[in-house]
Structures are given as structure tokens and as C-alpha cells.
Amino acid sequence: MSTDSDATDASTESESKCGASEARSASNASGETASAAEAETSTDTSSKCGASTTDTSDDGASKCGASKSDSSSSSSCGASSSDDEEEVGATVDDFDAEPGRLVAVGLGPGQPEGMTQRAHTALQEAEHIVGYTTYVDLLPDEITDDAEDIYDTPMCGEVSRTEEAIDRALAGNHVAIIGSGDPNVYALAGLALEILESKGATASMVDFDVVPGVPAAQSCAARVGAPLVNDTVSVSLSDHLTDMPTIESRLHAAAKEGFTITIYNPWSRKRRDNYEKCCEILLEHRDPETPVGVVHAAGREDEQVEIVELGDLPELGETDLVDMTTTLLVGNEDTYVWDERMVTPRGYETKYDY
């Protein structure tokens, strides 16, 4: 469940009063979006997030908690370029209703059959579903058809989107905020708790829960054999929230200690240097013949899976195989390939005869 801020989008859609570019009702779950004009001329005195009024305060923040955007421009990520977009607007005192429930749900690798039964049930029970547009589009029809309201935003809208989910829950609704993989792996479970705290609320006040999903490391490892059965670490190459010197330090530490390593968010047009530096560090500590599983778009229509050698990894950066949907599984000194499958011994061979 990697954070969608780790990719870029050329969207120029403006943010709604609740902080998102799109708000879809259950009756319009096919993907058509309401126009900005329709949103502005609505006579409903309650916003989608359930706050008591949509009147804005002098500082431009609506009761929904998002920044006012009548005249603001959008960044290349699809979020408001104003600093106010990243600020929490509403507080717990702005809501008159008894708080409802907020559940962070991990969808797993993407296809409906990869979702856990608990996640499926949690989404069916939710009144409102909030998520990144790409992840909302992965939901089965039986879930989107039954939802009272579906609210989605494009890339880089994770702060306003998470706050929207929280505000809806504070207004008394049962809300699910979704993401791929697991909510605790480069995802929004932590952000939700941080925003709840900043609003003066508590997790128990809104009955906050996390429904785990299968992380990309595990779903991708399954596609190449058994590469992660011993001590392993995960590192994201996205420097959107973690600076590159820190990422490099972590790569050095993991590579020299013999962990198997899962690399998230390996390559994008803006992060060519990050990928190249990662390959350089890995080759400094690992043999060039070390097996590496490369899984592109796991569980989706354009899935590609290859097992390559570490020495071949640098040249893959400019190919379609490696991008932000790709996960790299770097073996350790014991990892080998058998019958087109990666194997990292757990150590049984030193204890047992077989």
C-alpha cells in the first residue's frame, strides 16, 4: 500500500470545498464526476463530510477541514498549490454529531481475489469510502454499488483525502479509507492517527481500526518463489517524504548486513538518480550475480515478472519493466535461483537432513 504521493500527475483539476477534485455518489459510481459548478450551486447546507455548515471562515478553511479553492490553482500533483492545503482545518469542536467509525482498509495487491475476507466485509459495512482514484477503481462492483458515498482524489491528495475521511467520521459516519497493500506499509494509517491527534480527537473517539492487507513485498515475493523467508527489510526510494541521504544510509546498512531487501517506488522520471544510486550501493555490498526479482504491476493487467542478476539492474531503469508500480526483491549472499524460482534458505539445511 504505497502512498500515491510517490508518483506524479499532470492533473489540473481544482479542489472541492472538502479538499478533493472528485466526489462520487453511489448512484454515479461509474466514474463520472460532478462539475465544479454543480458543487458550487448546491443548496444542501451540509457538506459531504457531514459538518454542520459549508460556510468558510476568514482563513479560507471550510468546515470540512480543507482549504477554500475558489481561486487557487492546482499543482502538478492535483492538489492545491496553497500552503493551506496541507493544514488541518476543522477541529473536533466543529462537529455536533456523535463521532462515528473510521477504518483504514488494505486492498492487497489489487485484484478482488487478493483482498482478504475481513477487508471485503469492512468495505461492505462502510457507509462512505474514501480513497485515491486508482484504488477506488479497483473495488468490486458489489462494494461500490452498496456504498452511500464514494469520495476519491488524484495523486498527491493524500493529506486532504485523509482529513476528509476523518471529518466524515467525526460527523457520525462509518467511513473506510482505502489503499493498496497494507495500511501500515508506506500508507495512510499513521497519517490518519496524526491528523486525528491534531484535531484534538482520539482514536477511540472515532472508533479507529486498521484492516490489514497483503503488502507488495509479500504478494510480489510469491510471484518469484521464496526470496524473503529469512531476515528481510523494506526500503522506499521515494524522497518525497524521506530525504535521499537517509535512504542511502539505510540501503548501506541493509545491504552490508546480508538482509534480503524489498525496494519500493524504485524509478520515476524525477527519480532516475535515486535508482542509479541504489544500484550503486547494492553492488558495493553484493555480488553482481545476486538474484533480483522484478515484479511490475503485480495483480494487474500489465503485470510482468522477471528474475535478473543484480549486475543487470542498472540498465533496467530506462525500460518499461521498472517504474513506480514495480517492486524489487534483492536476494542476499545465500539466495539462488532454482527452476526459475528464487530461494533464500531459512537455515533448515544446517539442522536437519533432507
Side-chain angles (χ1 to χ4, degrees), residues 1-16 18-35 48 74 76-79 103-116 119-162 164-165 168 175-183 185-188 211 213-216 219-220 264-265 268 295-304 320 323-327:
M1 184 174 181
S2 54
T3 313
D4 54 82
S5 62
D6 293 332
T8 58
D9 182 26
S11 171
T12 56
E13 299 177 36
S14 62
E15 297 285 327
S16 77
C18 290
S21 63
E22 302 178 54
R24 300 190 296 183
S25 66
S27 61
N28 192 29
S30 63
E32 298 176 0
T33 58
S35 68
K48 288 292 185 181
S74 296
S76 61
C77 293
V103 185
V105 181
L107 303 182
Q111 72 272 42
E113 60 268 26
M115 189 187 307
T116 68
H120 193 279
T121 299
L123 291 174
Q124 286 190 312
E125 292 176 348
E127 299 166 338
H128 298 200
I129 297 175
V130 176
Y132 170 41
T133 304
T134 297
Y135 301 152
V136 168
D137 290 342
L138 295 174
L139 295 174
D141 290 342
E142 66 266 21
I143 289 176
T144 56
D145 290 346
D146 290 344
E148 180 180 314
D149 189 69
I150 296 177
Y151 183 98
D152 60 307
T153 67
M155 293 177 182
C156 298
E158 69 268 28
V159 174
S160 62
R161 180 169 67 249
T162 303
E164 176 71 22
R168 290 179 182 224
V175 184
I177 183 168
I178 64 170
S180 65
D182 182 272
V185 181
Y186 304 118
L188 300 181
V211 176
V214 180
S219 61
C220 293
Y264 284 75
N265 307 310
S268 72
V295 183
H296 170 84
R300 304 182 189 181
E301 292 183 357
D302 57 338
E303 176 180 306
Q304 299 180 67
D320 293 337
D323 60 17
M324 295 299 286
T325 71
T326 301
T327 302

For [X] and [Y], which heavy atoms make the closest approach, and how far apart are they?
| X | Y | result |
| --- | --- | --- |
| G131 | I178 | CA-CG1, 3.8 Å |
| L188 | T162 | CD1-OG1, 3.5 Å |
| T133 | P154 | OG1-N, 3.8 Å |
| Y132 | D152 | C-CB, 4.4 Å |
| P183 | G106 | CG-N, 3.5 Å |
| G114 | V214 | O-CG2, 4.3 Å |

Is there a donor-acceptor pair under 3.5 Å between the side chain of S219 and the backbone N or O of A216?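 Pair found, side chain donor or acceptor close to backbone of A216.
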Under 3.5 Å, side chain of D182 to main-chain N/O of G213, donor-acceptor pair present?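 Looks like yes, one N/O pair under 3.5 Å.
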Option passing side chain to side chain donor-acceptor pair (under 3.5 Å) with T153 (candidates R161, E158, E164):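 In the set R161, E158, E164, the residue that makes a side chain to side chain donor-acceptor pair (under 3.5 Å) with T153 is R161.
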Can you list the steps and then say if M115 with L123 is a side-chain contact (heavy atoms from CB on, under 4.5 Å)? CA-CA 11 Å; M115 189 187 307; L123 291 174; 4.0 Å; yes
Residue pair D323 / T326, side-chain donor-acceptor N/O under 3.5 Å: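 The criterion, which ignores hydrogens and geometry beyond distance, is satisfied for T326 and D323.
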Side chain to side chain donor-acceptor pair (under 3.5 Å) partners for E142, two or more places apart: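 Applying side chain to side chain donor-acceptor pair (under 3.5 Å) to E142 gives H120.
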Quick one: side chain to side chain donor-acceptor pair (under 3.5 Å) partners of D302, sequence neighbours excluded?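 In terms of side chain to side chain donor-acceptor pair (under 3.5 Å), with neighbours along the sequence ignored, D302 is linked to H296.
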State whether the number of non-hydrogen atoms from other residues, nucleotides or ligands found under 6.0 Å of E113 atom CD is greater than 12.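 Yes, enclosed.
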Can you name the salt bridge (Lys or Arg N to Asp or Glu O under 4.0 Å) partners of E303, sequence neighbours left out?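 E303 satisfies salt bridge (Lys or Arg N to Asp or Glu O under 4.0 Å) with R223 only.
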When rounded to the nearest 0.5 angstrom, what is the spacing between [atom1] in [X] and [atom2] in [Y]?
| X | Y | atom1 | atom2 | value |
| --- | --- | --- | --- | --- |
| D149 | I129 | CG | CD1 | 9.5 Å |
| Q124 | D145 | CD | CG | 11.0 Å |
| L107 | L139 | CG | CG | 5.5 Å |
| E127 | D146 | CD | CG | 12.5 Å |
| Y151 | I177 | OH | CD1 | 10.5 Å |

Do Y264 and P215 come within less than 4.5 Å of each other through their side chains, counting heavy atoms only?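 A side-chain contact exists here, since the closest heavy-atom pair is under 4.5 Å.
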Restricting to side chain to side chain contact (heavy atoms under 4.5 Å, CB included), what partner residues turn up for D320, sequence neighbours left out?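 Here no residue qualifies.
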